[in-house]
Structure formats: C-alpha cells, structure tokens
Chemist: 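Just dropping this structure here.
Below, chains carry the letters A, B, ... as their sequence lines are ordered, and counting in each starts from 1. Owing to the predicted nature of the structure, the values given are computational and were not obtained by experimental measurement.
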Amino acid sequence: MAASGTQGPHAPQRAGRTPRAGGPSHVRRALVPTFTILGLIAIWQAVVDFGVIQRFLLPSPTDVLSALVGDWALIWEHAQTTLVESIAGLLIGVAIGFVLAVLMDRFEGFYLAMQPLITLSQTVPTVAIAPLLLIWFGYGLAPKIILIVVTTFFPVSVSLVAGFRSTDPDVIDLLRTMHATDLQIFWYAKLPAAADQFFSGLKISATYAIVGAVISEWLGGQSGLGVYMTRVRKSFAYDKMFASIVVVSALSMVLMGLVEVLERLCMPWKRAERKHQ
Amino acid sequence: MAGRDDMTATNADAAAGAGAASVPALEARGLEASWDGTPVVADVSLALEPGEVSCLVGRSGCGKTTLFHALAGLTRPTAGQVLLHGREVTGVPGSVSYMLQKDLLLPNRTILDNVCLPLLLSGMPKRAARDKAKPLLSRFGLEECADRWPSELSGGMRQRAALLRTYLMDNDVVLLDEPFSALDAITRGEVRSWFCGMAAELGLTALVITHDVDESVMMSDRIFVMRGNPQAHVPSMICGVVEVERTCSAAEAQDAGFDLTPQFISAKAAVKELLGS
Ligand SMILES: Nc1ncnc2c1ncn2[C@@H]1O[C@H](COP(=O)(O)OP(=O)(O)O)[C@@H](O)[C@H]1O
Ligand SMILES: [Mg+2]
C-alpha cells in the first residue's frame, strides 16, 4: 500500500518480478498442483492396496471416501458445531484485535504497555490452557470460543498495528492541510493503508480458528469435529478419523476462501494495480 | 500590518492584483525552520504579490521543502511569522493550498473521489462534492479518467489530478513542491504551459519549487534563490531575488521560444550566479 503511493521509478522493477499471466502459464499454474495432489493420492492408494502398509493402520483414499460418505450425516452435524464456534470466535477475536490495534496506534503509552503482553500471550501453548478454560467455563461453547478468541486476535492486531504505522506521513500531512480531523485521517489514510496486512492477518486467524476449535473440542465437550475424532479414535476407526481430518482441512480452506472473497470485495482497486504494475 | 508597503489596508483586497501597492497574498517574515533542533532555513523573508507566479530554486537538500512545510503551517517555525493577506497564520495548516512533492493520490479511491477529497474533508456530502468536481475534470484533461484508479493513470495525468485536488482546496495561494519533476521533458513543458495558463485564468498566487533553473525562468515573474548547506550546519537563506522581464505570458513562453530571448538568458545567468554555479 505504502509502496503504491510512490509509483513512477519503482514500476518497471515490479513488472519484472510478476510474470504476465499468458495463456499457457495460466493453465500450468492450475494443472501442476492438481496433478501433484492426484499423484500423491494415487501413490497412497497403491501403497495400501498392494499391502505395503496394513490397511488397519492406514486406510486408503477410497476407504476414507466411503467412510466420509457413509458417516456424512453425523460428521456434518459435528462440523456445524465446529463451524459455529470458529466463526463466533473469529468474529470476536477480530473485533478485539481491531480495537486493540486502534488504541495502540492512537496512544503510544498503550502500545508500549500492550506490545509485550500480546506477544507473551502467543507463547502460551493452546493445549495447555484449553483444559483450564474447560474447568473455568464448563463444557459448552464458551471455553472453545474463548480459546479461539485468544489465538485469533493476535495476528489481526499485530498486522493492523503494522499497517497503520505504514501510512505515508506525507499523506497525513496532505490531509492536515485539508483540515482533516483525526477520525478522517484514520478513515481516509490509515485504514486503507492497513487493509493489505489486515487481510493477511485475517487469513492466518481463520485457519487458527478451525484448528483451535478442534483442539478444544478434543479436550472435552459434547459435540464438534474434535469430539467426533476422539470417539472414532477410541474405536480404532481410522478411516473415519481420516474422513474428519479431510473435513477439518476443507473447513479451513473454505474459511480462507471466504476471507479472500471479502478481500477482493473490500479492495477493488488492487486488481487494477496488479494489472498496471 | 503590510510591512514595507505604504498603502491603506482597508481596500487591499479590492486592489488585489492592481499593482505593487497591495498587501502581499503571502508573506514570510524572518522565518526559521529546523529539524531536530538544527536550523535548516533561517531568516527567510519573502512576499508574494496577489496573482503572481514565483519560483523558489535551490540545490537539492537545501531546505526548500522544509520552508514549504513551515509556510503551509505543517511545522511550526522556530522563529518568524507567516501572514496570509496580512493576517497571521503561523503554524496553522490549511490556510494555503499545498501540493507536496509526490502526487499522493489515494490508491483506494477513484480519480474523481481523489480530487473531491478536500471537499469531502470539509464536510460536503459525497454527491455534492462529485457534482462540483466533475465539470472541472475536463478543464484539467481528466474527463476520461473520472472512474479510474490512480494506478491506471500516466504520470502526467496523476500530476494533473493532484493539481486539480490542490485547486479544489479553494485557497487563492498555492504552494507547489516540484510539481513537474516526475514528468518526462516533453510532457513537462506541456503541463507547465497548461498550468501557467490555468493560474493566470484563475488569478492564483503561486510559489513553485523547482531545481530546474530553465523551468523557473520560463514560468515565473520572480525567482527566489535559496542557498546554504544545512548538512554542514549552514542554514539556507534567500540569497537573492531575480525579476524576469517577460516578453510574453508564461503560458505562451514555450511556444513563443522565450528560452531563446536575451531576457531569458540574462535572467538565467543571474539565477545561476546566485546559486553559485
Ligand atoms: N524528516 C526529516 N528529518 C530530519 N531532517 C530532515 C527531514 N527532512 C529533511 N531533513 C533535512 O533538511 C534538509 C533540507 O531538506 P529538504 O527541505 O527536503 O530539502 P529540499 O526540498 O530543498 O531538497 C536536508 O538536508 C535534510 O537533512
Ligand atoms: Mg524537496
């Protein structure tokens, strides 16, 4: 963002780094990873089918698929709980991260006070505090959402603070010569300057949200993919175990995809910038 | 009051542009501006007559931008005063229109919304601001670009958009910091002629920074020459003023071949001598 304010001399360098998306390279970009994944799945299938690894230790992809289809109703029910917890935790986490970032940007003292605390909060292992949260807040949704909030606010607030600080001071000076208030400077200059980094932080937070939900369900609860996983593990149903892993990955990717869609909607000017640089 | 001039202040505005005997549109008295306690410019006194285009020339790093920041009220001068039409505005941003060295178009707003910025910041509703700015786009050669993003425009167009935005700040005194330096030689002459015509038509009082001596002689009535070496703790001062004897208006200077006249050559020699080169 900040860099796009100073175009001119930098433009040719950028053009050199991002290759033009011509016809063949576009297709290649889609085909290469697709075939890599399909190839790995084929190897996996062969390894199990030819008995290199025992089927009860490692189910084959087709086993996983049939478990997924066969147990879909139950998996989907648990997935919904996980999804609700994740999205609720993510929204609250983003809101808290946003408020913290704004305060840290506005008040230098608050920034100095919070910076080490926020970093410290990230060094506490999730698995260690999850049981405590269960003891304090019971086995319902609350401890899970709190855990997700704790893990997701950090990437958001850190990326926002960095984004706010990346605002070109000359832009702020320009706005001041136009009688802008602090709120207007925030809205017109700082928020857009932070948008890029905010969305990168949000993408990280989105994956943390699903993983955080699963971990906390694992440690206790009545419903959710983490609960489902502990149950199928106890009955040695590894095909169902893998099926739920597939669903967890899929949920993470869907959530990341949603963030990306949101990013495109919020930043329509990025497309033009990519095309012209 | 009006310093050296012996006129009555009451009809100053009515007499603006009528001759030398008027209150200067912008006046600096004994201005000193510093960075981190080291004076960069010292004892700068200058007066701009209403409707006059003047240039400020000096070597790179001699403190031209620093002086502009003080004149525009973005930094408080360590000594001296700034007067706008005889009224003190020292340290008050927004009394004069200021175009900073970079075009500083906001990448997340279309060209129309970028030029509307001063109107929006002063509280004008979006619709009204657009209605006011739209007719001006064609005058600035931007009618095709209203809904484009800044990244889609050429350097010359961006510069015009920045000029239109500066114009919409609606002050009769404008400070322009190297407004044409980002342009190639050919575009530069065109945009400069166009700007001079516009300034004359609108009766703007302008002070333009340039480090190009030819450009300063082509476009201005008076040239303030700044000299000093702030890095070596020698604060810069205005070491002389060169009056340009014009044979034609600044807007026509390029086409009329003003740069081949003896008047041009003698003014240029005078500036160069003051610069010490
Ligand atoms: N942000 C800053 N902080 C400290 N010193 C500065 C800053 N900007 C400029 N200076 C100093 O002020 C001097 C004048 O800079 P500037 O006004 O930008 O020169 P010019 O516009 O004439 O090229 C420079 O020598 C530089 O060292
Ligand atoms: Mg400068």
Chemist: Sort B:Leu106 into side chain, backbone, both or neither according to what part of it lies under 4.5 angstrom from a heavy atom of chain A.
Modeler: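 Looking at B:Leu106, just its side chain touches chain A.
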
Chemist: In plain terms, say whether A:Glu260 and A:Lys270 are close enough for a salt bridge, that is, a side-chain N and a carboxylate O under 4.0 Å apart.
Modeler: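 Salt bridge absent between A:Glu260 and A:Lys270.
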
Chemist: Regarding A:Arg165 and the six-membered ring of A:Tyr111, is the cationic atom NZ or CZ under 6.0 Å from the ring centre and inside 45° of its axis?
Modeler: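 Relative to the ring axis of A:Tyr111, which defines the angle, A:Arg165 lies inside both limits.
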
Chemist: Please list all pairs meeting side chain to side chain donor-acceptor pair (under 3.5 Å) that have one or both residues in residues 201-211 of chain A, counting only residues at least two apart or in different chains.
Modeler: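 Matches after skipping sequence neighbours: A:Lys203-A:Glu263.
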
Chemist: Taking the six-membered ring of B:Trp194, is NZ or CZ of B:Arg160 closer than 6.0 Å to its centre and within 45° of its axis?
Modeler: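 Verdict for B:Trp194: a cation-pi partner in B:Arg160.
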
Chemist: Could you give all pairs that pass the ring pair (Phe, Tyr, Trp, His ring centres under 6.0 Å) test and reach residues 45-81 of chain B, with sequence neighbours left out?
Modeler: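 Sorted result for residues 45-81 of chain B: B:Phe68-B:Tyr98, B:His69-B:Tyr98.
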
Chemist: Need one label for B:Arg109: side chain, backbone, both or neither, based on atoms under 4.5 Å from any heavy atom in chain A.
Modeler: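 Only the side chain of B:Arg109 comes within 4.5 Å of chain A.
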
Chemist: Applying side chain to side chain donor-acceptor pair (under 3.5 Å), which residue pairs with at least one partner in residues 183-192 of chain B are found, sequence neighbours left out?
Modeler: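 Sorted pair list: B:Asp184-B:Thr187, B:Arg188-B:Glu215, B:Arg192-B:Glu215, B:Arg192-B:Gln254.
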
Chemist: Donor-acceptor check, side chain of B:Asn114 to backbone of B:Thr110, threshold 3.5 angstrom: yes or no?
Modeler: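 Confirmed, B:Asn114 side chain pairs with B:Thr110 backbone.
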
Chemist: For chain A, find its close neighbours in residues 118-140 of chain B: heavy-atom separation under 4.5 Å, sorted by number, or none.
Modeler: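 Within residues 118-140 of chain B, near chain A: B:Pro118, B:Leu120, B:Leu121.
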
